[in-house]
2 protein chains.
Amino acid sequence: MAVSEEPAAVGKYDTGDGEAMCPYRLVLEHVTSRWGVLVLIELLDRPYRFSELRRAIGRVSEKMLTQTLQTLERDGLVHRDAKPVIPPRVDYSLTDLGREAAEQVRGLAEWTQKRMGAVQEAREGYDARKAGAEQG
Amino acid sequence: MAVSEEPAAVGKYDTGDGEAMCPYRLVLEHVTSRWGVLVLIELLDRPYRFSELRRAIGRVSEKMLTQTLQTLERDGLVHRDAKPVIPPRVDYSLTDLGREAAEQVRGLAEWTQKRMGAVQEAREGYDARKAGAEQG
DNA sequence: CAGTATCCAACCCGATACTG
DNA sequence: CAGTATCGGGTTGGATACTG
């Protein structure tokens with residue numbers, strides 16, 4: 001049976017309460033999701049096989065990678081190409097839509113790398129002020 | 001006491017295991033976090049007061065908004081200006097660093113809004129194919 | 001108004017075992 | 001290799017009560 005116990009995945013708690021989350025936020029949460037971000041960035045370079053992607057990202061369980069890829073595939077961002085061979089071979093790549101998204105995400109990632117130092121400095125300053133405030 | 005039971009917040013599970021997550025991913029997760037994204041986008045327009053921000057975002061609890069703002073403040077992205085008046089008034093705004101980050105995030109958000117239709121179509125196609133495959 | 005502290009449910013996510 | 005099913009720990013996040 002294909003009925004998974006878990007919901008659509010990656011896109012988290014749709015709310016629980018009566019009202020549903022607007023589609024806009026849902027899509028935004030998929031592309032900004034923990035693993036979604038990293039998958040999109042990796043696939044921007046080239047297509048990847050499943051385990052290849054897993055190694056490239058590092059520290060992601062099979063389950064979460066599968067969920068993430070399925071969500072992104074469903075959203076039309078990732079293309080899944082399963083070749084009928086033994087052993088199985090599945091290639092994942094970006095669709096045109098996915099490439100657009102991935103480029104936005106990459107912008108964010110590159111900014112992060114560039115400015116990480118500034119962030120860490122800010123953090124140290126914040127912590128120092130906090131520590132000082134607790135005593136004096 | 002200022003010792004919160006909960007950790008640094010927003011930036012989630014640092015791993016649990018021995019090895020720590022690299023700072024790069026940590027920062028990336030802060031700016032792509034569920035509420036971090038929305039806060040940054042709102043603050044790009046103008047400064048907001050706490051409850052103003054809460055209403056503008058909608059469906060965010062005080063707790064999560066507080067946590068998110070504190071994390072972003074610690075990372076040097078958000079400036080907190082608490083005025084010593086009764087009743088209290090606290091304004092939140094972006095720092096220069098935060099504005100840079102927020103502009104990246106806005107790019108992503110604008111892409112999402114623009115292409116949401118395409119995503120929804122893709123989703124319907126995916127679901128239709130799935131439903132068909134289960135029977136045939 | 002702007003938080004802080006605590007309780008508790010829901011859920012994410014990883015580890016493991018198993019299928020094709 | 002690629003993926004599914006299940007279990008369990010830890011985190012998220014809302015509701016409530018309280019402070020200044």
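All chains are named by letter (A, B, ...) in the order of the sequence lines, taking the proteins before the strands, and each is independently numbered beginning at 1.
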Check: With a 4.5 Å heavy-atom cut-off, do B:V90 and B:D81 have their side chains touching?
Finding: no

Next item on the list: Would you mind reading off the distance between B:R59 atom CZ and D:dT12 atom C1', rounded to a whole angstrom?
Entry: 16 Å

Next item on the list: Quick one: stems involving DNA chain D, counted as three or more successive Watson-Crick or G-U pairs, both distances short of 3.5 Å.
Entry: C:1-20 with D:1-20

Checklist line | Out of C:dC1, D:dG13, C:dC13, whichever nucleotide has its closest atom nearest the side chain of B:R49 | finding: C:dC1

Margin query: Just the rounded figure in Å: distance from P of C:dA15 to CG of A:L65.
Written below: 13 Å

Item checked: Gap between atoms CD1 and P, on A:I86 and D:dC1 respectively (whole Å) -> 13 Å

Next item on the list: Send over the distance from A:W35 CH2 to C:dC12 C1', rounded to a whole Å.
Entry: 12 Å

Check: Can you find a pair of side-chain heavy atoms, one from A:E73 and one from B:Y126, that are under 4.5 Å apart?
Finding: yes

Margin query: Quick check for you: to the nearest 0.5 Å, what is the distance between B:E42 atom CD and B:I57 atom CD1?
Written below: 6.0 Å

Notebook entry, point to check: Given D:dC1, C:dG3, C:dC1, which nucleotide is nearest the side-chain atoms of B:E62?
Noted result: C:dG3

Notebook entry, point to check: Base, sugar-phosphate alone, or nothing: which one does B:R54 contact when heavy atoms must sit under 4.0 Å apart?
Noted result: nothing

Note to self: From CD of A:E52 over to P of D:dC1, roughly how many Å is that when rounded to an integer?
What the structure shows: 11 Å

Next item on the list: Return the nearest nucleotide to the side chain of A:P88; candidates are C:dC13, D:dG13, C:dG20.
Entry: C:dG20

Check: Can you check the B:L69 CG to C:dT4 P distance for me, whole Å?
Finding: 10 Å

Tabulate below the donor-acceptor pairs under 3.5 Å that side-chain atoms of residues 100-108 of chain B make, not counting sequence neighbours, or state none.
residue : atom : partner : partner atom : Å
B:E100  : OE1  : A:W111  : NE1          : 2.8
B:E100  : OE1  : A:R115  : NE           : 2.8
B:E100  : OE1  : A:R115  : NH2          : 3.4
B:E100  : OE2  : A:R115  : NH2          : 2.7

Check: So, is A:Y92 near the phosphate of D:dC1, with a side-chain N or O under 4.0 Å from OP1 or OP2?
Finding: no

Next item on the list: Compute whether any side-chain donor of one residue and acceptor of the other, for A:Y24 and B:Q113, lie under 3.5 angstrom apart.
Entry: no

Note to self: Counting only side-chain heavy atoms from C-beta out, which of C:dC13, D:dG13, D:dG3 sits nearest to A:R34?
What the structure shows: C:dC13

Margin query: Measure NZ/A:K63 against C1'/D:dT4 and give the value in whole Å, please.
Written below: 10 Å

Notebook entry, point to check: Is any side-chain N of the basic residue among B:D127 and B:R129 closer than 4.0 Å to the acidic one's carboxylate O?
Noted result: no

Note to self: Quick check for you: among C:dC13, C:dC7, D:dT4, whose closest atom lies nearest to any side-chain atom of A:M64?
What the structure shows: C:dC13

Next item on the list: Could you tell me whether the side chain of B:R54 and the main chain of B:V60 form a donor-acceptor pair under 3.5 Å?
Entry: yes

Checklist line | Between D:dA2 (P) and A:Q70 (CD): distance, integer Å | finding: 14 Å

Checklist line | Short side-chain N/O contact to D:dG20 OP1/OP2 from B:R89, under 4.0 Å | finding: no

